[in-house]
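Just below is one structure, and these are the notes that go with it.
Every heavy atom of this structure was used, including side-chain atoms; hydrogens, water molecules and symmetry mates were not. These numbers were taken from a predicted model, which means no experiment stands behind them.
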Amino acid sequence: MKNKSTLFLVQAAVIGAVYVILTLLFAPLGFGEVQVRFSEALTVLPYFTPAAIPGLFVGCILANFLGGSIPIDILFGSIATLIGAVFTYRLRGNKWLAPIPPIIANVVIVPYVLHYGYGISLPIPFMMLTVGIGEVISCGVIGMILLTALSRYSGSIFGGARAASAK
């Protein structure tokens with residue numbers, strides 16, 4: 001049992017670290033009213049392992065903090081990622097549904113953070129559109145490429161959790 005909890009912790013930590021690195025590496029594209037946060041592609045990982053849920057959540061908190069976000073963004077932006085990760089895990093029976101929860105969570109939450117937290121005066125529906133386009137690119141396109149690529153190796157990477165059903 002200790003081996004499984006260690007694996008869970010290591011997977012969560014690695015996923016969180018990769019999320020932080022990708023967010024900070026591509027920071028100019030990942031913050032603001034028009035954003036493509038490449039690290040959001042990782043939100044498909046709960047399809048393979050529940051360890052991705054805390055990894056993505058903590059990774060988003062750290063990335064937002066280190067990226068200079070305001071407290072309301074650190075909190076609610078990270079909650080959007082957490083909600084997306086939890087529902088991706090719950091919908092893991094169909095790989096095509098994996099990117100939908102993070103897209104929806106971010107489209108609903110992030111524009112309000114931008115408007116009320118940062119004072120961006122663009123209409124919220126417009127920001128929902130711009131954030132949605134960025135999320136479709138990062139989660140729907142890049143995330144699905146990642147999911148498809150990892151499906152071939154999920155047994156060796158994620159301890160066999162999705163190896164059989166990912167094919």
Side-chain angles (χ1 to χ4, degrees), residues 5-32 34-69 73-110 113 130-163 165-167:
S5 62
T6 302
L7 178 64
F8 183 94
L9 185 62
V10 169
Q11 287 176 347
V14 169
I15 291 167
V18 172
Y19 188 99
V20 171
I21 290 167
L22 287 174
T23 301
L24 297 178
L25 189 61
F26 297 104
L29 300 172
F31 294 93
V34 178
Q35 55 181 264
V36 178
R37 188 176 277 199
F38 293 110
S39 53
E40 283 288 299
L42 300 176
T43 59
V44 300
L45 295 180
Y47 174 82
F48 298 105
T49 175
I53 297 169
L56 291 166
F57 181 58
V58 172
C60 189
I61 290 170
L62 290 171
N64 285 345
F65 179 76
L66 295 172
S69 297
D73 191 4
I74 295 168
L75 176 63
F76 287 103
S78 302
I79 287 173
T81 298
L82 176 63
I83 290 168
V86 167
F87 283 96
T88 295
Y89 179 74
R90 297 188 92 197
L91 296 173
R92 67 192 180 279
N94 183 337
K95 75 177 185 177
W96 300 106
L97 298 177
I100 297 195
I103 292 170
I104 292 172
N106 281 283
V107 163
V108 170
I109 295 171
V110 172
V113 171
T130 62
V131 169
I133 290 169
E135 286 292 312
V136 167
I137 292 168
S138 60
C139 300
V141 176
I142 300 169
M144 285 306 295
I145 292 169
L146 178 64
L147 189 145
T148 302
L150 290 177
S151 291
R152 302 174 119 188
Y153 307 102
S154 65
S156 58
I157 296 171
F158 299 108
R162 300 293 307 162
S165 64
K167 294 184 179 196

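- Contact of the P50 side chain with the F8 side chain is registered, since non-hydrogen atoms from C-beta on lie closer than 4.5 Å.
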Next item on the list: Apply side-chain contact (heavy atoms from CB on, under 4.5 Å) to L82 and L56, showing your working.
Entry: CA-CA 7 Å; L82 176 63; L56 291 166; over 6 Å; no
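- Between A80 and N106 the shortest heavy-atom distance is CB-OD1, 3.7 Å.
- Going from atom CD1 of I103 over to atom CD of E40 covers 9.5 Å, rounded to the nearest 0.5 Å.
- Side-chain contact check for L147 versus F48: some heavy-atom pair is nearer than 4.5 Å.
- One distance of note links CG of N64 with CZ of R37; it measures 4.5 Å at 0.5 Å rounding.
- The heavy-atom pair separating S138 from V36 by the smallest distance is CB-CG1, 4.4 Å.
- Here the straight-line distance linking atom OG1 of T88 with atom NZ of K95 works out to 15.0 Å at 0.5 Å rounding.
- Two residues are said to be in side-chain contact when any heavy atoms from C-beta on lie closer than 4.5 Å; S69 and V113 fail this criterion.
- Within a 6.0 Å sphere centred on CZ of F87, heavy atoms belonging to other residues, nucleotides or ligands number 12 at most.
- The closest side-chain heavy-atom distance from I83 to I104 is not below 4.5 Å.
- The minimum heavy-atom distance linking P54 with A12 is given by the pair CG-CB, 4.2 Å.
- A donor-acceptor pair under 3.5 Å is formed between the side chain of R92 and the backbone N or O of Y89.
- Shortest non-hydrogen contact noted between G77 and C60 is O-SG, 3.9 Å.
- At distances below 3.5 Å, not a single donor-acceptor pair connects side-chain atoms of T43 with backbone N or O atoms of A85.
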Margin query: Walk me through whether Y19 and T81 qualify under side-chain contact (heavy atoms from CB on, under 4.5 Å).
Written below: CA-CA 11 Å; Y19 188 99; T81 298; 3.9 Å; yes
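- Taking CG from L22 and CG from L42, the interatomic distance works out to 5.5 Å, rounded to the nearest 0.5 Å.
- With rounding to the nearest 0.5 Å, the separation of OH in Y47 from CG in L91 is 11.5 Å.
- Evaluated for a side chain to side chain contact (heavy atoms under 4.5 Å, CB included) with Q11, the options T49, T6, L45 yield exactly one hit, T49.
- Shortest non-hydrogen contact noted between P101 and G84 is CB-O, 3.5 Å.
- Heavy-atom minimum distance, L24 versus A63: CD2-O, 3.9 Å.
- The line from CD1 of I142 to OG of S39 is 10.0 Å long, rounded to the nearest 0.5 Å.
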